[in-house]
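Counting starts at 1 for both ligands and their atoms, following the listed order. Residue numbers count from 1 along this sequence.
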Amino acid sequence: MVGVGIAVGRRAPQEEGHVQIQNLIDGAWVGASDSSSLRVVNPARDEVIAEVPSVGVAETRSAIDAAWRARVAWASRTAGERGDLLSALAGLMHRDADRLAALMTSEQGKPLAEARGEIAYAASFLSWAAEEGKRLTGDIIPASAPDKRILVLRQPVGVTAIITPWNFPAAMITRKLGPALAAGCTVVIKPSELTPLSALAIGELACEAGIPDGVVNIITGEAGAIGDVLFDDDRVRKLSFTGSTRVGQMLMSKASKNLLRLSLELGGHAPFLVFDDADIGQAVGAAIACKFRNAGQTCICANRFYVQDGVYDEFAARFAEAIENLTVGDGAREGVQVGPLINDAAVEKVESHVADARSHGAKVTVGGKRVHPKGLADRFYAPTLIKGMTPDMVLAREETFGPVAPVARFTEEREAIELANASEYGLAAYFFTRDASRLMRVAEALEYGIVGANDGGPSTAQAPFGGVKHSGFGREGGRYAMDEYSEIKYISWQL
Ligand code: ADP
């Protein structure tokens, strides 16, 4: 275990065993002024692996001060200069990918192969934004009078608060950090208290890349206390949040005090439809990837499967076989495909959803219980297939956030669309068909921000990611992300 008192911040990041555990404020690595700390636990082993500062009002204010002071100089740099620094940071993440992936697995639990994938994915947001910042253009609009000119400029929103969850400890940060910095904003990042080490490691690489002091600040600690300072300070102009709908709603109301610009990427409850004319092999492969990635702890993972009568038996049989073949264990072991859930509460939630489904008459045909890999914590849940899902079951309405796939039958296309849209959420939806007309019809009818048409993995840096309804608003990724971090200024010029 590494503790807050140990001065580790000056060592080279790539050095074997180095873990940054201090906070980054104005280019300096600091602890909490009252020395309080948070424990970081390896979920697979239930072992404390580090302690990071639990900062309060004073440090949060210092982070805002630093971001505020740095903002003018940062915004004055050319987009090319900012892009070069973002590219350098992306390059360092690639250089240190193995170290960062191992760190992520140790604090989050996901299999190493997925953690490596996430580091590459996380870096891709920086590389994309590095280029896209150069295309943040304005307009000159034909005016209403001969002696007038109408100019439209894009300017950075300003100091941006970034609050992120634990399920993608690196990518949820860079997806915001890339476009924020590219647009000329400075940031205060508060990562999840469960996975702060990946965030701090990225901060360290940001320093090594040469991103100026104060542009990126990272603080760890009790969420409510930090949040209250961020929302109370009118120098903070924007909140970009990824997390639960419940917390998002609460933060939105707090953010109303200073009328913050908001990007909210909240919960989801993705339907996964398989039509009679689907390529069943393709659908099963996508279902496995989409449902069991990160042990089902992703906001776009499929939560409910609806399969048309004609292919129901074949799909269910092939899906069951593929689920049975998944390897559960410590994500740090090569070959493991499903790691632990993040904490005890997460396992209990999965158990309660499965128990509720059983009590409403569902049949658990694969899994349906905890598994106990030798020498590890009691946090592993068997990849599970449930048949006979009905709308009155909790898992048909609420995010399970675990490795549980409930399946139901449908007969008509219209019925499938109604089932899919009968949710308060609207983040991602998936469907499988080889009929081109149906593909467009269903894609248009689904009330979701992201639609995977014969695709279980839609996330990529160049595409707009975000939801509708209770899944929030705002888009991350691609050129759309730049809108979230820039304001439009209209200059009316009389000659
Ligand atoms: P998840 O469980 O997926 O991490 P949460 O919505 O619980 O989702 O948390 C997402 C992020 O929001 C975390 O970084 C958490 O610390 C933060 N958070 C939770 N409550 C507050 C709050 N009152 N103020 C600011 N941040 C908060």
Side-chain angles (χ1 to χ4, degrees), residues 23 38-41 43 52-57 59-61 63-64 104 107-110 118 160-177 187-200 202-203 217-233 236 238-258 260 262-269 293-301 303 340-350 379 398-402 425 427 467 470-472 474 476:
N23 281 191
L38 282 176
R39 291 175 160 192
V40 185
V41 174
V52 298
S54 180
V55 301
V57 175
E59 297 86 345
T60 308
R61 281 221 183 96
I64 300 169
M104 185 187 297
E107 66 173 346
Q108 201 274 343
K110 68 177 59 183
E118 182 180 337
T160 295
I162 291 179
I163 299 181
T164 54
W166 49 265
N167 59 348
F168 288 90
M172 294 305 98
I173 290 176
T174 56
R175 192 153 81 171
K176 302 171 188 309
L177 182 66
V187 302
V188 177
I189 302 171
K190 194 214 79 63
S192 167
E193 49 276 46
L194 300 174
T195 57
L197 300 178
S198 297
L200 298 171
I202 292 171
N217 304 277
I218 308 176
I219 51 177
T220 55
E222 206 267 303
I226 292 175
D228 286 349
V229 182
L230 290 170
F231 298 121
D232 202 45
D233 193 317
V236 176
K238 154 112 194 164
L239 166 68
S240 183
F241 171 79
T242 298
S244 62
T245 298
R246 182 186 63 80
V247 172
Q249 285 170 320
M250 183 178 71
L251 299 191
M252 184 167 173
S253 81
K254 291 191 183 204
S256 70
K257 177 172 181 254
N258 286 324
L260 296 194
L262 291 173
S263 304
L264 301 178
E265 200 265 274
L266 309 178
H269 199 262
R293 176 182 298 128
N294 205 6
Q297 303 172 110
T298 82
C299 48
I300 61 163
C301 76
N303 279 268
L341 297 183
I342 189 71
N343 56 23
D344 294 340
V347 190
E348 282 154 21
K349 182 178 183 191
V350 171
R379 295 241 173 78
E398 285 179 22
E399 273 185 308
T400 305
F401 240 57
Y425 296 107
L427 188 56
H470 283 209
S471 296
E476 305 196 290

For Glu107 and Ser198, does a side-chain donor sit closer than 3.5 Å to a side-chain acceptor? yes
N-O pairing of Glu398 and Lys349 below 4.0 Å: no
With Lys110 as the cation and Phe168 as the aromatic partner, state whether NZ or CZ is under 6.0 Å from the six-membered ring centre and within 45° of the axis. yes
I'd like a table of the close N/O pairs between ligand 1 and the protein (anything under 3.5 Å), one pair per line with both atom names and the distance.
from: ligand 1; atom 1: 2 (O); to: Trp166; atom 2: NE1; distance (Å): 3.1
from: ligand 1; atom 1: 4 (O); to: Trp166; atom 2: NE1; distance (Å): 3.2
from: ligand 1; atom 1: 6 (O); to: Ser244; atom 2: N; distance (Å): 2.8
from: ligand 1; atom 1: 6 (O); to: Ser244; atom 2: OG; distance (Å): 2.6
from: ligand 1; atom 1: 14 (O); to: Thr164; atom 2: O; distance (Å): 2.7
from: ligand 1; atom 1: 14 (O); to: Lys190; atom 2: NZ; distance (Å): 3.2
from: ligand 1; atom 1: 16 (O); to: Lys190; atom 2: NZ; distance (Å): 2.9
from: ligand 1; atom 1: 16 (O); to: Glu193; atom 2: OE1; distance (Å): 2.5
from: ligand 1; atom 1: 16 (O); to: Glu193; atom 2: OE2; distance (Å): 3.4
from: ligand 1; atom 1: 24 (N); to: Ala223; atom 2: O; distance (Å): 3.4

On the 0 to 90° scale, with breaks at 30° and 60°, tag the His269-Tyr425 ring pair as parallel, tilted or perpendicular. parallel
Please check if any side-chain donor atom of Thr242 sits under 3.5 Å from a side-chain acceptor atom of Lys176, or the reverse. yes
Answer with yes or no whether the side chains of Thr220 and Asn23 bring together a donor and an acceptor at under 3.5 Å. yes
